[in-house]
Amino acid sequence: MLDKVHQVSGLEANGGPGSYGLNGYLSHLDRLEAESIHIMREVVAEAAKPVMLYSIGKDSAVMVDLAMRAFHPAKPPFPLLHVDTTWKFREMYAFRDRITAELGLDLLVYVNQEGVAMGVGPFTHGSEVHTDVMKTQALKQALDQYGFDVAFGGARRDEERSRAKERIFSFRTAQHTWDPKNQRPELWRLFNARKRKGESIRVFPLSNWTELDVWLYIYRRQIPIVPLYLAAERPVVERDGTLIMVDDDRMPLQNGEQPAMRKVRFRTLGCYPLTGAIESNADTLPAIIQEMLLTTSSERQGRVIDHDSSASMERKKREGYF
Amino acid sequence: MSTLSDADRSGRIESGPSDIAELLAAHEHKSLLRMLLCGSVDDGKSTLIGRLLYETQALYTDQLAALEADSRRSGTQGDELDFALLTDGLAAEREQGITIDVAYRHFSTERRHFIVADAPGHEQYTRNMVTGASTADCAVILIDARKGVLRQTRRHSYLVSMLGIPHVVVAVNKMDQVDYSQERFAEIERDYLDVTERIKLQDVTCIPVSALRGENVLVHGERTPWYQGPSLMEYLENIEVERSMIGSPFRMPVQWVNRASSDFRGFAGTVVSGAVRPGDEIVVAPSGSRSRVERIVTQDGDLPVAIAGQAVTLTLGEEIDASRGDVIAASDEPPGVTDLIQATIVWMHQEPMLRGRSYLIRVGSRTATATVAPLKYKLNVDSLEHVAATKLELNEIGVCDLELSAPVAFDPYRENRDTGAFILIDRITNETVGAGMIEFALRRAQNIRWQEVAVDRSARAAAMHQIPCVLWLTGLSGAGKSTIANRVEAELHRRGHHTYMLDGDNVRHGLNRDLGFTDADRVENIRRVAEVAKLMMDAGLIVLVSFISPFRSERQMARALFDDGHFFEVFVDAPLAVAEQRDPKGLYKKARRGELRHFTGIDSPYEAPDNPEIRLDTSSLSALDASTAVLELLEGRGVLPPGS
Ligand SMILES: Nc1nc2c(ncn2[C@@H]2O[C@H](COP(=O)(O)OP(=O)(O)O)[C@@H](O)[C@H]2O)c(=O)[nH]1
């Protein structure tokens, strides 16, 4: 038995990113990657009709890359679903269409047409209503309409306090509600994906990743990301201390407001009116990672909707928010 | 420590932008340590986690500002930061009634990334700790220096040993409260080594710390000059974990078969132990077919070797059959294959584990049915004594045999955590109700083999000119089961069929004379009756079973014994009020007076069927209509020839 160890550790590392395992042990990122792939394969083996929620952001980019790896040489045996609030950055839409075409993946786009008909948007209805109608309700409608029983999501436990205890497999009733009192313990590598008719599961393969891990992995694998993550001159206005990019002419300018060009980037991407930019010169991946390492504020600060407490996050989740 | 200068917090990067490449390389090679933190209330768990997060700069300014403000407000630590407040979010959640089995926290040093499993909750402690321990490489056990080794310390240590966590570090905390006394530390260390004698922990290290003052947490403090060992962090950064499973025999449970094209058939899974290379001889368990590894396929190209922890796809030389649930293993060191195991089980659900009940079992990627044989004993986790028991309650640990519906590949848990661990799943609610560790396989008692018989069921049935089946009547006492069963049987008899009726009361006078009405006995009662019904059906009879059979899972178990189309669940439904009013045997009155315990409907539950083959509402149907409906059902399903 011992000689096996020596044989393995005696192998030369071939250097460079992604040489995993060859120097006799798996690095932190290797282990995270393997765990996520394991989770995805479990789902595909157990689910009747899985889907991957695709938000176009960096976490989705990593999830899609992992899915390509998990099922190689086959294509991931599930479609991507983008629940479109119609208020994403224009660059996000362009990126989405390009990447899914390049990878040859099935993309479903779902828009809550009732919401559109009612003219729901962040400027007219506020972030709460907009998010509820165009995101939470839309997601439920989409899952029901297509009959998906398992949906992958890119949430991570380090994102905020109420996620620290969220399971990797999170069960939802037929009404899509989350019952935090009734979650299954997860032991070893054994996931229990059994459910009754009508129930569904949200699965978070990136649960154990941190924001830094996500960036390191994007760098290691050279995963394409929406350019908005990199610093560039962009037209922004400052509102309540948050820098909002003026991405199209749907954005009503307030008295005296004048978009100014500033060098900014985004740490997280969502609906453009609800996503704060940060001033930065980091226009390469290494520069972003370096800024990350120096940064002293948490990622969600840039999200307007998360400024409420973690208890309200809890509530949102129970109601079916992802 | 009370205020933060920027210098304190700049440790994360000591270099300018030119070193970014180096920095990325360092991160690229960081290893991962998953650790479990155990301690009783007030030993300083939150303080220690807070300290670790703080000193490794895992906290952001917004979190720190909140911490400083909270510390000032609560004033427990004077001017200093009260790290315990950092993780107190959990307390609030507990008040909201949310079950938190384990919370996971992250921090990083230059060499390693750490994931800490923090299992709070006191009532639920065993369940939570076992969950956190199942994936841990290392356990940190906290002891309060003033209190020394307590009952809880023993309990935690026992669980850590049971779950096979290879490395244990004992942090003797609050050393500041005992004047950093070397004698006190030595005394605790001795006491603890006594504990480990009995529970066989292998690698144990004791470290004197003060989580509050930071002594020996990250770096060596000045107040314990007598202590020569590593600080807690030095210890955690240096234990060897990555290679621990590489030296074991190769195992890969097959998760999914990849058929990317008509000429590609790959077996996808995670290598859980050992290493594998193209050309290696492998065996597929449980089938035993042998082959050779052809390629290790990944998106980066084929690998020359895959090691424990990697998720890969293997193709095999000769076309052999393998599917989800199988284990691909080293052919010279194959895993065991068995359908009868002895295991240690930790119960995780409100509903106790009952002997004779069957659950779904997941071992590796295999799902089978497991029937619980009588418990050998349960464990008192404080005294480690064996206690006789008939059932296992939430948070209890017991040892028993499990009979599996199909052979599975396994290794004893102490040799391989991945192929030796399992979970038990309730067949009705689908909840995870138990976790277990396989100790060893048993040979079937007396080697019972099915006798090959020349005259089989269809031969016997043909001789009787009928299709045998089972009618399972369930419902409250007084709902009308016996009345309907009697009428149906009489009519079948009139039509020339061969029947037999198993009635609850009658069976309890003979075969099941030894059983009472506790939940455990009810389960056994039904198990025996179902088996008898099966033998009778095998003999060619149409069997009528008339039993309250209040639990869904037992009816499910009974149903599983029969082929589709031979088992008819007849739900004889009457509202409790109606049944109670009928009270043909005066039992409800007795139960109401408290003279009868465990009476279904009164102080013992009745779980109505979800999908019976037929439901008879006897508050509106006459006995004649009800029995006619049953006969029509059998005719409709082709069991009886049309109305005669
Ligand atoms: N003197 C002293 N007090 C400590 C130390 N560690 C924790 N405490 C105090 O012990 C109490 C309980 O600590 P806490 O971290 O909340 O314990 P937990 O219940 O295990 O999470 C708090 O008042 C802490 O400030 C220590 O090393 N020295």
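On a predicted model such as this, the values are computed, not experimentally measured, just so you know.
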Counting heavy-atom pairs under 4.5 Å with chain B, the top scorer among A:E199, A:K75, A:E35, A:E46 is A:E46
- Message: Hydrogens and angles aside, do A:H28 and A:D213 bring a side-chain donor and acceptor to less than 3.5 Å of each other?
- Response: yes
Under 4.5 Å to a heavy atom of chain A? For B:R362 that would be both
TODO: Without swapping roles, check the side chain of A:S207 against the backbone of A:F204 for a donor-acceptor pair under 3.5 Å.
DONE: yes
### Query
If we ignore angles and hydrogens, is there a donor and acceptor under 3.5 Å between the side chains of B:H29 and A:S27?
no
Okay, B:S261 and chain A: the region with an atom under 4.5 Å from a heavy atom over there is neither
Cut-off 4.5 Å, heavy atoms of chain A, and the answer for B:V272 is both
When the 4.5 angstrom heavy-atom criterion is applied to B:R111 and chain A, the contacting part is neither
Note: vs chain A, highest number of non-hydrogen pairs under 4.5 angstrom among B:T313, B:T135, B:I423 is B:I423
So, the part of B:V257 with a heavy atom under 4.5 Å from chain A: the answer is neither
Separation between CE (A:M63) and OG (A:S36), nearest 0.5 Å, reads 10.0 Å
Turns out that what part of B:D610 lies under 4.5 Å from chain A's heavy atoms comes down to side chain
Heaviest contributor of heavy-atom pairs below 4.5 Å to chain B, chosen from A:N208, A:L32, A:I37, is A:N208
Please check if atom CZ in A:R194 has more than 12 non-hydrogen atoms from other residues, nucleotides or ligands closer than 6.0 Å.
-> no
dist B:Y104:OH -> B:D118:CG (nearest 0.5 Å) comes out at 10.5 Å
Ranked by heavy-atom pairs below 4.5 Å to chain A, first place among B:S365, B:A268, B:G132, B:A435 goes to B:A268
Subject >> Aromatic contact, B:Y413 with A:W188 (centres under 6.0 Å) >> reply: yes
- [ ] Is it possible for you to check whether A:R184 lies under 6.0 Å from the centre of the six-membered ring of A:F171, through NZ or CZ, and within 45° of that ring's axis?
- [x] yes
Cut-off 4.5 Å, heavy atoms of chain B, and the answer for A:Y217 is neither
